[in-house]
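Just so it is clear, the model here is predicted, and its values are computed rather than measured. What's counted below: heavy atoms across the whole structure, side chains too, no hydrogens, waters or symmetry copies. Per chain, numbering begins at 1; letters A, B, ... match sequence-line order.
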Amino acid sequence: MYFRTPSISTMDYQYKEIEKKWQDFWAENQTYKVENNSEKPKYYVLDMFPYPSGAGLHVGHPLGYIASDIFARYKRLKGFNVLHPMGYDSFGLPAEQYAIQTGQHPALTTEQNISTYRRQLDQIGFSFDWSREVRTSDPEYYKWTQWIFMQLFNSWYNLEAEKAEPIEALVKRFEVTGSAGIKAVSDEDVLSFSAEEWNSFSESQKQEELLKYRLTYLKESTVNWCAALGTVLANDEVKDGVSERGGYPVEQKKMMQWSMRITAYADRLLQGLDTIDWPEPLKEMQRNWIGKSTGASVVFPLENGGGSIEVFTTRVDTIFGVSFLVIAPEHELVTSLTTSEQKEEIESYISQTKKKSELDRMADTKTVSGAFTGSYALNPLDGTKIPVWIADYVLAGYGTGAVMAVPSGDQRDFLFAKHFNLPIIQILDGQQDIEHQADPTKEGKYINSGFINGLTHQEAIPALISKLEELNAGKAKIQYRMRDAIFGRQRYWGEPVPVYFKDGLPHLIEESELPLLLPEVDKYLPTETGEPPLGRATDWKYNGEASYELSTMPGWAGSSWYWYRYMASAEDRKETAFAPKTVIEYWKDVDLYIGGSEHATGHLLYSRFWNKFLKDLGYVVEEEPFKKLINQGMIQGRSNFVYRVLDEEGKGTNRFVSYNLKDEYKTTPLHVDVNIVENDVLDLDRFKKFRAEFENAEFILENGKYVCGVEVEKMSKSKFNVVNPDDIIERYGADTLRLYEMFLGPLEQSKPWNTNGIEGVFKFLRKFWKLFHNDKFELSISDEEPTKAEYKALHKIIRKVEEDIERFSFNTSVSSFMICVNELQELKCNKRKILQDLVIVLAPYAPHITEELWSLLGNRSGALSYAQYPKFNPDYLVEDEFAYPISVNGKMRMNLNISLTLEAADIEKLVLSNEDVQKYLDGKNPKKVVVVKGRIVNIVI
RNA sequence: GCUCGGGUGGUGGAACUGGUAGACACGCAGGACUUAAAAUCCUGUGACCCUUAAAGGUCGUGCGGGUUCGAUUCCCGCCCCGAGUACCA
């Protein structure tokens, strides 16, 4: 027997002292500092880093971090060299909005917010290697974000090689063979020129042309302009026609903007999804966002010569069913197509459309509207005259902004044709009921369709494509929904773009001049002339003369490569690369990434894009950055309500009625701070202090208690339902918080925060503590050989936790820990051979209490984190008997203990001869007896 | 509308490949200890029926069907909730 006197252990479980002690120990001893060279296999566990907001962490934020920390700690025990870093996505709008209101520099608020976050994170006992922290707003970091921007500027996408290449390679080809034979992803308006012509271009002509090929480029394009935020927004930052942050209106506006040629990677981004282990809904969202459709582009010549309308269609086989063309009201040909008779009608329709906001236009998809231009196009295959209409159901931004309308096959075209009385032509004998609705079928043989009459869908498509190619009137085409990403923001708190302007053309600054620091400004608002805030910086010129780009980079810039910066240790960061090549070759990619699904089409798509680009240039080694990804569910708020009694006039009194009695009164519900409610029972004294007006409140109680109402809502201050992890830790400790967040349910499911069950988890830890101590709370450990039952309890949990962690089922291991401790308590087990292994198994979940017990057991402090996970021995679980459930006609009737050495035939005999079974048989012979060894017996009568 | 999740006790949830539905925990009820309270421990707890009790029976995983010796799990049809997306030609 071991006894230990003074110190923490002579008392009940003292989580506060224990947790403080070990958090300090880990920090002082740099327990979780990772080396970049190791004999061990690597494992990279990454969390989506937070934006450090002023509100601090609430109880929902750490959910994913706890899961990833358990995983990281588990992998260490399993002998992996684990990279588990944390940092801050510290550029962003809220700090800047705050700066605008208060004049305080965003760097300052950001710094303060970060220290709050850090304090809160440290309290939870994460095993992060803080020596590798990154902050996207740190010049030492954004230097490399700017550097990557420069690489993009200096690259083009070669479709033959299917990868990005240095722009010099393109220049060389222009110099030797001109533009002929170049297959590149570029703007549409690229010039055709010979080598001689290229060589005779002026420098600025050359630069202008190259800009059309660069992977980041400046171009006049239609952007989402948000006046309230004073900036453009990317498509993924606009939701339902309003800004995602703040919900301000967004309008379409033409502006000169930096863009990223992400469309060059559309197909690789799509293909890559098949190679990574991500949640299916997330992959689906990315597929939809990329929106690949295979079809054909067809050119319809105009009747009066001079020009044509190009359309994109996925059903070129329906071309003989086209009875009109529709172009978007914004289409560039609208003016020239409009005849003088139709001018008034068209103009009134366009002004009508403009008045409709984006939101109305999306909401109202039922009403059919449009106007006839007065002009006709010709079907390129048979010369049929086809009227050209405009309508707002055709979007300017997709395809060519023009469609060929086939009313018999497309419901929208059908409605339009019915409304304006246009012909509906059947094209397949398989189409049904086209008097009443369109039938998009591909079944049957073509009719009314010229040379494809009698063909099937399969046969018609290639025949049409080759015919169209022959006539020079169309070709097969693949269309993507995804657009190039706008990359500039007219804001202050972001990375400056390392570009200056000379003769109206952009030029990169020298690499040696990085980082281009964010200049000081007097105010964080646009200038009087409407330029972005950087326009306020005085004397901010390149070489004292040339203007810098005044936009800054968008929020996603810094987060599109940060996982590589973590690979670089503090020493590595002195080197001249974002991370040393050897280090990137060691860590390669992220093995497990945990974060929210809200980043599906933003961060996760841009990161994959930049990763592929960096790989093309040879800076990184993997095509996909995040091998496995898990979405943690959202933790919603759980609001509590009190019910204020109303008097006859409907005015609020100072009486409050308990939830189940409220229907007997006229009441109005009132949010009450969830922190003064426990298990939905209101703490009356604290309620009286909650607000001055409640000081003399009276209560109508049920069973002596005031029961509150409950509703699930978003966690927010105004609903008084925010639960701060600090409060939970104060009351129960970090280990309880960690276990409880996992115990709440499956990681990926969204669920409301509800502290109702937290006591059970806390009790479990106290029981666990007691296993090591006697009634006087003195350490009491036995070196005796454990019994079979004790070994069995231990080895059950060893295996269970392994299985659970590998499938990210953290909630079920917590239950199993409880079962194990209950069993050991029952067995009064205090044997070292059992408890020490149990300490290791529990360590990833509850690192503080286990460290304390580990050292109380006489082990070296801190060594627990790198201990060896106990080896599961199935021998301990072997049973010689099993209580077979005996079913009769599928209904479980009883259990019979039968030796597991018996085979099916013997079991059957044994069961049928049993007295109780005989009762069910009632003298009859069973029709069939199913025996599954070790599982079940089913008797069919 | 389309796509993807999900419907299990009073509550959170468990049941991993078709094999004892409701583990574990909360809550609730009763009891022990205590002058008392807290803490702790013990017992019970899906619904209904029968019974003094022991025991027993019927129903039961959103609804309706199917496959199977056996279905929360597989198949078909429907209802409800949540998320994403939306005139994408």
Ring centroids only, cut at 6.0 angstrom: are A/Tyr13 and A/Phe777 within range, meaning strictly under it?
no
To the nearest angstrom, the CG-C1' distance between A/Asn631 and B/A83 comes to 11 Å
Taken to the nearest whole Å, CE/A/Met482 to P/B/U85 is 16 Å
Whole-Å distance, A/Glu823 CD to B/A25 P, equals 11 Å
Let's test your reading of the pairing rules: Watson-Crick or G-U wobble, both distances under 3.5 Å, then write RNA chain B as a dot-bracket string with ( ), [ ], | and dots.
(((((((..(((......[....)))((((((.......))))))((((......))))..(((((..]....))))))))))))....
In whole angstrom, what separates A/Trp289's CH2 from B/C4's C1'?
17 Å
With heavy atoms under 4.0 Å as the rule, sort A/Pro279 into base, sugar-phosphate or nothing.
nothing
Are a donor atom and an acceptor atom from the side chains of A/Glu310 and A/Ser297 found within less than 3.5 Å of each other?
yes
Quick one about A/Tyr349 and A/Ser369 (side-chain donor to acceptor, distance below 3.5 Å, no hydrogens or angles considered), yes or no?
yes
Please pick, from B/A23, B/A25, B/U40, the nucleotide with the shortest atom-to-atom distance to any side-chain atom of A/Phe743.
B/A25
Contact class for A/Met285 (heavy atom, under 4.0 Å): base, sugar-phosphate, or nothing?
sugar-phosphate
Encode nucleotides 54-74 of chain B as B, S and - characters from 5' to 3', where the letter depends on protein heavy atoms closer than 4.0 Å: B to the base, S only to sugar-phosphate, - to neither.
---SSS---------BS----
A/Phe817 atom CZ is separated from B/A23 atom C1', nearest whole Å, by 16 Å
Side chain of A/Asn811 only, please: which of B/A89, B/C87, B/G13 is the nearest?
B/G13
Nearest of B/C16, B/A39, B/A89 to any side-chain atom of A/Thr314?
B/A89
Does any non-hydrogen side-chain atom of A/Ile805 lie less than 4.5 Å from one of A/Tyr74?
yes
Between B/A71 and B/G66, how far is it from one C1' atom to the other, in whole Å?
11 Å
Output the single nucleotide from B/C24, B/A89, B/C16 whose closest atom is nearest the side chain of A/Arg807.
B/C16
How do A/Gln749 and A/Thr400 order along RNA chain B: which one's closest nucleotide is nearer the 5' end?
A/Gln749
Could you check B/G57 for me: syn (within 90° of 0) or anti?
anti
Option passing salt bridge (charged side-chain N to carboxylate O under 4.0 Å, His left out) with A/Asp12 (candidates A/Arg766, A/Lys776, A/Lys763)
A/Arg766
Rounding to an integer number of Å, can you tell me how far A/Phe324 CZ sits from B/A89 P?
16 Å
Select base, sugar-phosphate, or nothing to describe what A/Lys283 touches, counting heavy atoms under 4.0 Å on all strands.
nothing
Figure out the CG/P separation between A/Asp317 and B/A89, and round it to whole Å.
14 Å
Counting only side-chain heavy atoms from C-beta out, which of B/A25, B/U85, B/C16 sits nearest to A/Lys767?
B/A25
Above 12 or not: heavy atoms from other molecules or residues under 6.0 Å from NZ of A/Lys792?
no
Per atom distances to the A/Tyr398 side chain, the nearest of B/C16, B/U20, B/A89 is B/A89
Using a heavy-atom cut-off of under 4.0 Å over every strand shown, decide if A/Ser293 touches base, sugar-phosphate, or nothing.
sugar-phosphate
Tell me whether the side-chain N/O atoms of A/Arg412 come closer than 4.0 Å to OP1 or OP2 in B/C88.
yes
For the pair A/Trp389 and A/Phe420, name the ring-plane relationship: parallel under 30°, tilted 30 to 60°, perpendicular over 60°.
tilted
Salt bridge check, A/Glu280 against A/Arg287: does any charged N sit closer than 4.0 Å to a carboxylate O?
yes
What integer distance in Å separates A/Met404:CE from B/C87:C1'?
17 Å
If you assign each of A/Asn756 and A/Met892 to its closest nucleotide in RNA chain B, which residue comes earlier from the 5' end?
A/Met892
Checking B/A23, B/A89, B/U20 against the side chain of A/Ile819 (C-beta onward), the nearest is B/A23
For A/Glu284, answer base if it contacts any base atom (sugar-phosphate contacts may also be present), sugar-phosphate if it contacts only those atoms, and nothing otherwise; contact means non-hydrogen atoms under 4.0 Å.
sugar-phosphate
Same-atom distance (P) from B/C16 to B/U11, integer angstrom
22 Å
Counting the atoms with a prime plus P, OP1 and OP2 as sugar-phosphate, which does A/Asp804 contact under 4.0 Å by heavy atoms, base, sugar-phosphate, or nothing?
nothing
